[in-house]
Amino acid sequence: MSTTTAEARHDFTTLTEREVEVLLLLASGEQNRRLARRLGIAERTVRAHTANIVRKLDLRSRFEAAIVSHVYADAIRASAPDGRPRGCIAV
């Protein structure tokens, strides 16, 4: 599958800014509790964002979302309104 086809399959523009932040951080492999601390939100909120990401990108799991995040990090960042989600830490 070409990069263009894969990027078209995963429409990152459907994600909110916070979902983009969570998606990019998923590539780090950290647990939800740690991601929640980094973002200053509740662990339950991280789980909710992760569920939304999996649904919106038509993925099967958090693990698959982490792989997509790692492979398409540049495209994900480019989908943010300013090219970089607010408060995002480079991973």
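We count residues from 1, following the sequence as given. No hydrogens, no waters, no symmetry mates; every other heavy atom, side chains included, goes into these values.
Residues passing the side chain to side chain donor-acceptor pair (under 3.5 Å) test with Arg44: none are found, sequence neighbours excluded. Residues passing the side chain to side chain donor-acceptor pair (under 3.5 Å) test with Thr13, sequence neighbours excluded: Asp11. For Glu64, the salt bridge (Lys or Arg N to Asp or Glu O under 4.0 Å) test picks out no residue, with sequence neighbours left out. By the side chain to side chain donor-acceptor pair (under 3.5 Å) test, Gln31 is found to be paired with no residue, residues two or more places apart in sequence or in another chain being considered. Partners of Glu43 according to the side chain to side chain contact (heavy atoms under 4.5 Å, CB included) rule, which considers only residues two or more places apart in sequence or in another chain, are Asn32, Arg33, Ala36, Arg47. Residues forming a salt bridge (Lys or Arg N to Asp or Glu O under 4.0 Å) with Arg62 (at least two apart in sequence, or on another chain): none.
Annotation: side chain of Thr16 is in contact with side chain of Lys56 (closest heavy-atom distance under 4.5 Å). Asp74 is listed as a side-chain neighbour of Arg77, based on a closest heavy-atom distance under 4.5 Å. Counting heavy atoms from C-beta outward, Leu26 and Phe63 have side chains that stay 4.5 Å or more apart. Leu23 is not listed as a side-chain neighbour of Tyr72, based on a closest heavy-atom distance of 4.5 Å or more.
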Evaluate the side-chain contact (heavy atoms from CB on, under 4.5 Å) criterion for residues His10 and Leu59: first the C-alpha distance (whole Å), next the side-chain angles of each, then the deciding distance (0.1 Å), finally the verdict.
-> CA-CA 9 Å; His10 304 298; Leu59 303 173; 3.4 Å; yes

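Side chain of Ser69 to main chain of Ala65: no donor-acceptor pair is present (N/O by atom type, distance under 3.5 Å, no hydrogens or angles).
Atoms CG and CG, from Leu57 and Asn52 in turn, are 10.5 Å apart once rounded to the nearest 0.5 Å. The distance from atom CG of Leu39 to atom CZ of Arg18, rounded to the nearest 0.5 Å, is 5.0 Å. In this structure, OG on Ser28 lies 8.5 Å from CZ on Arg34, to the nearest 0.5 angstrom.
Nearest approach of Ile53 to Glu19, heavy atoms of both residues: CD1-O, 3.2 Å.
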